[in-house]
Every structure is written in C-alpha cells, then in structure tokens.
There are 2 protein chains.
Amino acid sequence: MIRAEAADIPDDSALRTPDRLRRRASRLLSQLTMRSDRLITEGLARTGARKWHYAVLASLQEYGPGSQAELSRRSGIHRSDIVGVLNELAERHLVERAPDPADRRRNIITISPRGRRHLRLLDKILDGLDDEVLAPLSQAERDQFVRLLGRLLDHHTGTS
Amino acid sequence: MIRAEAADIPDDSALRTPDRLRRRASRLLSQLTMRSDRLITEGLARTGARKWHYAVLASLQEYGPGSQAELSRRSGIHRSDIVGVLNELAERHLVERAPDPADRRRNIITISPRGRRHLRLLDKILDGLDDEVLAPLSQAERDQFVRLLGRLLDHHTGTS
DNA sequence: CGATTGCGTTAGTGCCACCAACGATGTACG
DNA sequence: CGTACATCGTTGGTGGCACTAACGCAATCG
C-alpha cells in the first residue's frame with residue numbers, strides 16, 4: 001500500500017471519511033438527517049414537545065378537524081402511533097377529542113385555542129432550528145435546497 | 001372553519017400534507033431519508049449486503065488497512081457496532097482480521113481481493129440506487145444537491 | 001342478511017444509534 | 001520504576017422509531 005505520508009503532512013487516514021461516502025447522496029442524506037433529527041428532537045424537548053405534535057397541530061390548523069385516520073394520512077404518522085400523540089396533546093388541552101355522532105367508529109379531533117397558540121410557539125422554535133440546520137447556506141441556496149428536497153420527496157411519495 | 005368544498009373539487013384534506021410540513025427542511029430531510037434508506041437497505045439486501053459493509057470496505061480501499069477503532073472513526077460507525085460488521089465481512093472473506101504485533105490491543109483489518117471485487121459490485125448497485133433516489137433531478141441539479149448536502153454535513157460534523 | 005371495509009386501540013417486532021462496563025494492553029509522568 | 005490514565009476490542013443493554021398483527025366495533029356494499 002503506497003501512501004504519501006511526509007512528516008509535515010498530517011496523515012488523516014484515521015479521521016477523514018472516504019471520498020466515496022462523501023459523494024453518495026443516500027449517505028449524505030442519512031448522516032445529515034441523523035444530526036438534523038437530533039437537533040429538532042432536542043430543541044423541541046426543551047419545551048416538552050415532540051415533532052409529531054407539530055405535525056398533527058399543523059394538519060389541524062390547515063385543514064380543520066378530522067378523524068384520527070385522516071390525521072394519520074395527512075401527517076404521515078402511523079395510525080397506531082397517533083393514539084399516543086393525541087393522548088399527549090389532549091392531556092395538555094391543545095386538542096379536543098370527541099366521538100363523531102355521525103359515525104360512531106370515529107373520533108373527531110379539533111385544535112383548541114391553546115393548541116393554536118402552542119402551534120405558533122412551535123413554529124417559532126422550528127424556524128430557529130431549521131435555521132441552525134441550514135446555517136451554512138445563503139437564503140437563495142436554502143430555497144433551492146428545500147425546493148429540490150420537495151421535488152424528491154414528492155417523487156418518492158407518489159404525489160400525483 | 002371556512003373551507004371551499006364544491007362538489008366537483010375533490011376535498012384533499014384527508015390526503016394532502018400540510019404546507020407547513022412541506023416547507024420545513026428538517027421534515028423534508030426526515031421523510032426523504034426514510035424512503036432513501038429503505039431503498040438502499042432493500043437494494044443491498046438483495047445481494048446479502050448491508051450499508052455498513054460498503055462504508056467499511058470503502059474506507060479500507062481508500063486509506064488502507066487500519067485498526068477497528070480507526071475504521072470506526074473513518075466510517076462513522078459506532079465502535080461497538082463495527083465488531084459485528086467485521087464479523088460478517090470476515091466470514092465472507094472480504095476482509096482479513098489479524099492481531100497487530102506492534103500493539104497487542106489492536107486488530108489490523110485488511111481488505112482482501114475478494115473484498116475489492118465486492119466493493120466494486122456494491123459501488124455499481126449503489127450507483128443505481130442513488131440514481132433512483134435522485135431520479136427526478138437533472139444532472140446539474142443532482143450535483144448541486146449533493147454539493148449542498150456536503151456543505152451542510154461538513155458544518156454539522158465539525159470538519160475543519 | 002352476510003361479507004367486506006374502515007375505525008381506534010393495544011401489544012409487540014426489528015432496526016438502529018448509542019451507552020456502560022469489562023479485561024487487556026499501551027503510554028505518560030512523578 | 002511504578003502508578004495513574006488512555007485506548008482497544010468486545011459484550012450486553014437501552015431508548016427511539018416505524019411498522020405489523022390482531023382485536024372488537026361500526027358502517028357499508030351486494
């Protein structure tokens with residue numbers, strides 16, 4: 001194995017991650033998302049929130065009340081996980097859970113005034129955190145990045 | 001809640017994910033990465049490989065043999081997880097694990113000819129998979145995307 | 001009517017990154 | 001020299017997350 005290793009050129013073979021890995025979009029995505037997710041989770045945890053709270057509240061705010069199954073589809077949270085999220089939200093009175101008189105299988109979930117207020121808070125926090133995630137990029141680059149991400153995600157979600 | 005809902009305009013409140021979520025970089029990253037990771041994992045599994053195999057083999061190929069701790073640092077795989085990966089690689093004779101005579105704590109890991117061959121295969125497979133992930137983007141856009149990802153990751157990795 | 005589909009809920013699975021601790025070995029320093 | 005400390009490979013375990021399986025119940029289709 002021939003490796004240039006002059007005394008004054010530091011050998012970074014122990015630290016530097018291989019070029020192949022630094023070029024693979026899939027790998028870059030994984031690594032970056034791991035870090036981004038950590039930031040978000042920790043940032044929200046500081047106020048006792050979790051990222052699913054935001055997804056559900058945002059869905060309710062933008063599309064109005066809905067059944068749990070609807071919320072699940074809108075937010076991408078699995079139907080069996082939404083239960084717990086709604087328990088937490090209802091416990092904090094950010095959301096109202098009421099049986100649907102027209103279809104007794106369903107619960108109708110409604111966002112409360114307090115929920116709207118909380119959503120605004122989360123929006124602010126997340127603005128800050130997204131800022132942190134995208135820190136090294138200029139505004140134009142951020143827009144482009146988000147645009148590309150959106151197109152990619154749409155493609156893989158089967159959004160017609 | 002006022003919602004325009006004419007009879008012939010389909011109400012997509014049940015399907016469409018809220019705009020807020022579609023704009024948050026952190027969220028887009030999470031969602032896209034989840035799908036990308038699935039693609040990669042399944043694609044590699046079809047040949048019995050896992051993504052860590054690639055990371056380790058690539059590191060060995062580009063920087064030469066190294067101890068397990070070095071490999072861990074280069075590949076970002078946790079020190080306690082590398083053990084299993086190397087077991088799998090050694091089992092398939094893609095890698096040689098030998099005690100370091102100069103430092104009896106260390107194992108020196110070397111890639112085998114078969115390992116190099118396998119790495120080339122994985123490279124091909126991953127090329128295809130990355131292609132799938134980035135499918136909707138033009139070549140120029142892909143380059144830009146990867147460039148932005150790289151800058152973001154560098155920033156969050158503390159790469160000097 | 002029966003069969004099928006959708007709902008909310010519970011328990012559990014598999015994967016993944018990470019932590020804690022260990023015995024063994026090397027290194028630094030009084 | 002000896003002792004404290006750091007590093008190595010390894011094991012077992014933890015917590016978070018998306019997801020599955022199955023359930024009892026209600027609505028709907030044919």
Side-chain angles (χ1 to χ4, degrees), chain A residues 14-15 26-27 29-42 44-45 49-56 65-90 95 97-109 156-157, chain B residues 14-15 26-27 29-42 44-45 49-56 65-90 95 97-109 156-157:
Chain A
L15 309 136
S26 51
R27 163 119 192 153
L29 276 172
S30 290
Q31 295 292 107
L32 180 59
T33 297
M34 195 192 311
R35 278 151 176 94
S36 160
D37 276 356
R38 253 205 291 273
L39 271 180
I40 301 288
T41 302
E42 288 168 3
L44 288 180
R50 322 230 247 119
K51 48 186 192 301
W52 304 289
H53 297 180
Y54 180 72
V56 168
S67 73
Q68 301 190 190
E70 271 178 312
L71 291 181
S72 163
R73 286 185 289 260
R74 309 206 280 229
S75 62
I77 303 172
H78 199 280
R79 164 165 138 269
S80 42
D81 296 322
I82 263 220
V83 188
V85 176
L86 288 179
N87 286 343
E88 296 175 356
L89 291 177
V95 124
R97 196 200 241 137
D100 183 345
D103 183 341
R104 292 178 13 244
R105 294 170 302 179
R106 283 183 169 92
N107 289 333
I108 294 185
I109 315 297
H156 290 286
T157 313
Chain B
L15 309 135
S26 51
R27 163 117 192 158
L29 276 172
S30 291
Q31 297 292 109
L32 179 59
T33 298
M34 194 193 311
R35 278 151 176 95
S36 160
D37 277 355
R38 252 204 291 272
L39 271 179
I40 301 288
T41 302
E42 288 168 3
L44 288 180
R50 322 231 246 118
K51 48 185 192 295
W52 304 290
H53 297 181
Y54 180 72
V56 168
S67 71
Q68 301 189 188
E70 271 177 314
L71 291 181
S72 163
R73 286 185 288 262
R74 307 205 280 230
S75 62
I77 302 172
H78 199 280
R79 165 164 137 270
S80 40
D81 297 321
I82 268 233
V83 189
V85 176
L86 288 177
N87 287 342
E88 296 175 355
L89 292 176
V95 123
R97 196 200 239 137
D100 182 346
D103 182 343
R104 290 177 16 245
R105 293 170 304 177
R106 284 184 168 90
N107 289 332
I108 294 185
I109 315 296
H156 291 285
T157 313

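For clarity, every value in this text was computed on a predicted model and none was experimentally measured. Proteins come first, then strands; the chains are lettered A, B, ... in the order of their sequence lines, and each starts at number 1.
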- Query: How far apart are the C-alpha atoms of H156(B) and L39(A), what are their side-chain angles, what is the distance that settles it, and do they pass the side chain to side chain contact (heavy atoms under 4.5 Å, CB included) test?
  - Reply: CA-CA 10 Å; H156(B) 291 285; L39(A) 271 180; 4.0 Å; yes
- Message: Go through it in stages, so that I can follow the logic: the residues are T41(B) and R38(B), the test is side chain to side chain contact (heavy atoms under 4.5 Å, CB included), and I'd like the CA-CA distance, side-chain angles, deciding distance and then a yes or no.
- Response: CA-CA 5 Å; T41(B) 302; R38(B) 252 204 291 272; 5.9 Å; no
Can you list, pair by pair, the side-chain donor-acceptor contacts under 3.5 Å of residues 77-86 of chain B, counting residues two or more places apart and other chains?
unit_1 : atom_1 : unit_2 : atom_2 : d
H78(B) : ND1    : S80(B) : N      : 3.2
H78(B) : ND1    : S80(B) : OG     : 2.8

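- For W52(A) and dC17(D), the shortest distance from a side-chain N or O to OP1 or OP2 is not below 4.0 Å.
- Taking both residues in full, the closest heavy atoms of D100(A) and A102(A) are given as OD1-N, 2.7 Å, listed atom of the first, atom of the second, then distance.
- In this structure, R106(B) and Q31(B) both approach DNA chain D, and ranking their closest nucleotides by distance from the 5' end singles out R106(B).
- Rounding to the nearest 0.5 angstrom, the gap separating the NZ atom in K51(B) from the CG atom in D37(B) is 5.0 Å.
- Taking atom CG of L71(A) as the reference point, atom C1' of dC7(C) lies 13 Å away to the nearest angstrom.
- Atom CZ in R73(B) sits roughly 15 Å away from atom P in dC18(C) (whole-Å rounding).
- The distance from atom CD1 of I108(A) to atom P of dC7(C) is 13 Å, rounded to the nearest whole Å.
- The separation between L39(A) atom CG and dA17(C) atom P is 17 Å, rounded to whole Å.
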- Task: Show the numbers, then the answer: is there a side chain to side chain contact (heavy atoms under 4.5 Å, CB included) between I109(B) and E70(B)?
- Result: CA-CA 10 Å; I109(B) 315 296; E70(B) 271 177 314; over 6 Å; no
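- Note: CE (M34(B)) to P (dG16(D)) measures 17 Å, nearest angstrom.
- Straight-line distance from the CG atom of L44(A) to the P atom of dC17(D): 11 Å, rounded to whole Å.
- One atom, CD of E70(B), and another, C1' of dT7(D), lie 12 Å apart when rounded to the nearest Å.
- The separation between E42(A) atom CD and dG16(D) atom P is 12 Å, rounded to whole Å.
- Remark: Q68(B) CD to N107(B) CG distance equals 5.0 Å, nearest 0.5 Å.
- Annotation: the span from L44(A) atom CG to H53(A) atom NE2 amounts to 9.5 Å, rounded to 0.5 Å.
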What are the atom names and distances for every N/O pair under 3.5 Å that joins the protein to nucleotides 26-30 of chain D?
unit_1  : atom_1 : unit_2  : atom_2 : d
dA27(D) : OP1    : R104(A) : N      : 2.9

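- When the side-chain nitrogen and oxygen atoms of R50(A) are compared with OP1 and OP2 of dG16(D), none of them lie within a distance under 4.0 Å.
- The one candidate from S26(A), S30(A), S36(A) that meets the side chain to side chain contact (heavy atoms under 4.5 Å, CB included) condition with T33(B) is S30(A).
- Contact annotation for R38(B): backbone-only contact, meaning every heavy-atom pair under 4.0 Å involves sugar-phosphate atoms and none involves a base.
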Give each protein N/O atom lying under 3.5 Å from an N/O atom of nucleotides 9-13 of chain C, with the pair distance.
unit_1 : atom_1 : unit_2 : atom_2 : d
dT9(C) : OP2    : Q68(A) : OE1    : 2.8
dT9(C) : OP2    : Q68(A) : NE2    : 2.7

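- For K51(A) and H78(A), each mapped to the nucleotide of DNA chain D holding its nearest heavy atom, the one lying further toward the 5' end belongs to K51(A).
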